[in-house]
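Let me begin by presenting the structure, written as structure tokens, before commenting on it.
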Amino acid sequence: MDTTMKKLPPKPVDTKKKIQHWTIAIVTVVLIIWSFVGMDFGGIKASAGQIAGAIVAGIFHPDWSYVYNGSGEDLISQLWETICIAFLGTFISAIISLPFAFWAANTRHKKWYTSRSGKVVLAVIRSFPEIVLALMFIKAVGPGSAAGVLALGFHSVGMLAKLFSEAIENLEEGANEAVTAAGGSKFNIIMFATMPNLMPALISNTLYRFDVSIRSASILGLVGAGGIGYPLIIALQYRQWNRVGVILVGIIVMVVVIDWISGWIRKKLV
Amino acid sequence: MPKSKEQHLAELPKKKFKIMNLVWVVIMVLGLFLSVDVTNTHISVLFNNFSQFTDIFVQMCHPDWGYAATAVPLLIETIKMAILGTVMGSAIAFVYSLLIARNIVKNKAVTGILRIIMNIVRTIPDLLLGAIFVAVVGIGPVAGVLALTVFTFGVVVKLFYEAIETIDPGPIEALTAVGANKLQIIHFAVMPQILTYFISYVLYAFEINVRASTVLGYIGAGGIGLYLQQTLQVFDYAKTGMIILVIIVVVVIIDYISTKSREALMK
Amino acid sequence: MAATNQPMIQLKNVGKIYDNGTVGLKDINLNIDKGEFVVVVGLSGAGKSTLLRSINRLQDVSEGDIIIDGKSITSAKGKDLREIRRDIGMIFQSFNLVKRSSVLRNVLTGRVGYYPTWKTTFNLFAKEDKQKAYEALQRVDLADKVYTRADQLSGGQQQRVAIARVLTQNPKIILADEPTASLDPQTSRRVMHDLKMLNEEYGMTVVANLHSVELAKEFGDRVIGVRAGQIVYDGKMSETSQAVFDDIYNGGNGKKGEEDA
């Protein structure tokens, strides 16, 4: 064993990268500290713990009389209304989303600004707060679930059309070419090649959106646009913690069941 | 035209009828009718009142520029809320994900129960959390931060534990083979593989939180949403329009930055 | 029909330069007569595909004119263009079927050029056309798969569905862009036989890009050699020696082709 071992060379330094990493780290930490400073932490109700306890207790001792009493104002009816709002809203938005998706999809044959402008429009729709949209529709059609349906229907377009357009972008060109080569028009291409290939993605994205819509529909009521959110906010205001508990349980069960069903359908689809 | 050969050509057989397709169509149509009925949505109502809707919209399209200055302090509060909620929620999610990843914690009972809790938390929408926390701790940004914390936890934990479960098991085995303990395994074998994912999910959650935080104020959970509520209450749509514009600008900018950083991260 | 001595496909000084400056085709002059079975051979990247895809204008050319049965496709627009395309069937390397649609619907796609758009949208194909599609499937021995979804077929079967699609389209010309490149040798031969059948029984003019010299020799009547976007050989198959093929594939390192276009 006469091999003389070389000494471990020092770690190579990439100064640029190091500076970059440290800058990011410092900026992040500063941002976090900045967020803590000046935040108004005062004003927490002294009874906070007690109320939280009451809500949790309410979850375990639900107000059974409220679950179903046939008045149409009970939990089951309100949950059902929520589901209907989500269903109709999603349906409307899926239909509106299709033309938007074709507009925003960045395919080979389009000028770059066409799809870019479509994407910007969708981004604006996505960023427009759903709650505000709901309030605007309340002004237009009055308070109630119709306003919720419309708000959901329009707001979901932002996300759904984006997902659709991505699905269009991921399509293979081959089938389209075959229709073109057979003398098909642009519309023929859409009907014969694009749509059949697109269908699974459309259905699966719409189902996914339905999951999201169920959650949205359950908060629209907070501003008076129908669904389970309204009785919840009332119960919170009147400090009926048992009722808050049972409504929460209801929402959780509803969301879990819907997620499960739509997941099952999506799995069957592929 | 084609001089067909003498090959005998059969008639086209009838297509087999698929009952399931019909069932789906019936379910859809039934669902539509039912939900139209339950929600009492009639397109005629929309058309009759559409002028009101466009009216509001037009007023919003002439934002009150002077109001921007008023909106800024609450806008900053909003972003602070989003940052705090993201940081706290992600921190909890980080630890929690390690506890429910089956390639790290082998005890199925522990992971199972913790997962059920996680799935329940995930079902509650952001604004609902806001409403509950306002009732619990009172009106103010603290309720918002807490709501965002819980919400972020739900978003990050799901993505992150799934990422942990898909990592290459080789290094874990290697570390186990040299006699490392759990923490050492996590530090040397798991961390290097998942840290970029984690940061990426945190940024993603931050995007969502910025959106969510802008409306939390409407129900009293702090931030710029408070002005949304105030201006809408007094029908001052020019000011509402200004706030929405500010919100959209902020959301789009933060989305852009976050998306770009995530792309850079994943390269 | 057009005058007897008018070529089916005529390329005049055709050139193609891609946006990035690559030369796809250079100064191509070519006449193909009705009923010919032409094979185009050359290395990959030589411009075979570009040549074929220019003929039905799946790609636009940068200069020159292409005339199909007396009509210029290069200047045609909208409905005129679609009507010319209706007379040109195409077979693709990757079959290009709509994978989630039934075989029948894929074959019927060949007829879209004959209908106004609204009719095809609601699937209002004439009974005769559906029957025609079914008959085409029988010609390629796939009658039993008529309602099967296309993605459940093997590669060779999919390509034969594509051939049935072209048969239903009833074109004057068939362009086949590497029809056998994704198939095994035996299936390849079957597909080439079907193409030959269209050529011989229906009198369709076939232009096929082929990778395999063997298949080219077996099925082609006329050989066109392409190298670097130019035609370097054009002659009857029976008069073409192995040396010519070697030359086409050797990138000009061997002796020069006997006949330049």
Side-chain angles (χ1 to χ4, degrees), chain A residues 94-95 98-99 101-102 105-116 163-208 265-270, chain C residues 52-53 55-59 76 78-102 105-123 125 149-151 158 161-162 165-166 168-171 173-177:
Chain A
I95 290 171
L98 264 184
F102 279 101
N106 186 14
T107 49
R108 261 194 314 140
H109 313 286
K110 258 194 278 180
K111 298 271 185 298
W112 65 272
Y113 50 83
T114 319
S115 74
R116 189 62 65 84
L163 294 173
F164 283 2
S165 72
E166 278 162 8
I168 295 172
E169 283 166 10
N170 289 334
L171 278 185
E172 290 169 39
E173 281 282 309
N176 294 5
E177 271 188 355
V179 180
T180 313
S185 61
K186 270 208 177 103
F187 202 73
N188 284 146
I189 297 174
I190 291 181
M191 291 314 293
F192 277 82
T194 314
M195 283 311 277
N197 278 332
L198 208 56
M199 232 21 186
L202 294 191
I203 296 177
S204 135
N205 283 328
T206 309
L207 278 170
Y208 162 74
I265 298 177
R266 268 185 289 174
K267 212 176 269 169
K268 278 199 79 172
L269 217 63
V270 283
Chain C
L52 233 64
R53 293 162 65 86
I55 292 176
N56 66 351
R57 249 184 86 189
L58 281 183
Q59 274 173 0
K79 197 160 191 295
D80 291 336
L81 173 62
R82 293 203 296 275
E83 267 171 18
I84 298 175
R85 276 181 177 154
R86 196 169 77 183
D87 285 338
I88 312 173
M90 192 162 195
I91 309 271
F92 302 83
Q93 174 181 344
S94 48
F95 325 135
N96 287 3
L97 298 186
V98 182
K99 299 235 169 55
R100 298 188 54 90
S101 291
S102 70
R105 198 170 159 80
N106 267 295
V107 175
L108 277 172
T109 309
R111 296 301 295 178
V112 291
Y114 293 88
Y115 284 88
T117 299
W118 66 269
K119 268 198 172 172
T120 52
T121 304
F122 297 105
N123 215 4
F125 286 103
R149 246 169 59 169
D151 54 6
Q158 289 194 25
V161 170
R165 176 172 66 191
V166 163
T168 316
Q169 187 180 341
N170 194 20
I173 302 165
I174 293 176
L175 306 173
D177 190 4

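The sequence lines fix the lettering, A, B, ..., with proteins before strands; numbering per chain opens at 1.
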A:F192 and C:Y115: aromatic ring centres closer than 6.0 Å?
-> no
Would you kindly say whether C:N106 and C:T109 are connected by a side-chain donor-acceptor distance under 3.5 Å?
-> no
Please name all residues satisfying side chain to side chain donor-acceptor pair (under 3.5 Å) with C:S94, sequence neighbours left out, ordered by chain then number.
-> C:N96
Sequence-distant partners of C:R86, side chain to side chain donor-acceptor pair (under 3.5 Å), two or more places apart = none
Would you mind telling me which of C:F95, C:Y114, C:F92 has the largest number of heavy-atom pairs within less than 4.5 Å of chain A?
-> C:F92
Atom group of C:L97 that falls short of 4.5 Å from chain A, counting heavy atoms | backbone
Can you tell which part of C:R165 gets under 4.5 Å to a heavy atom of chain A, answering side chain, backbone, both or neither?
-> side chain
Heavy-atom distance under 4.5 Å to chain A: side chain of C:E83, backbone, both or neither?
-> neither
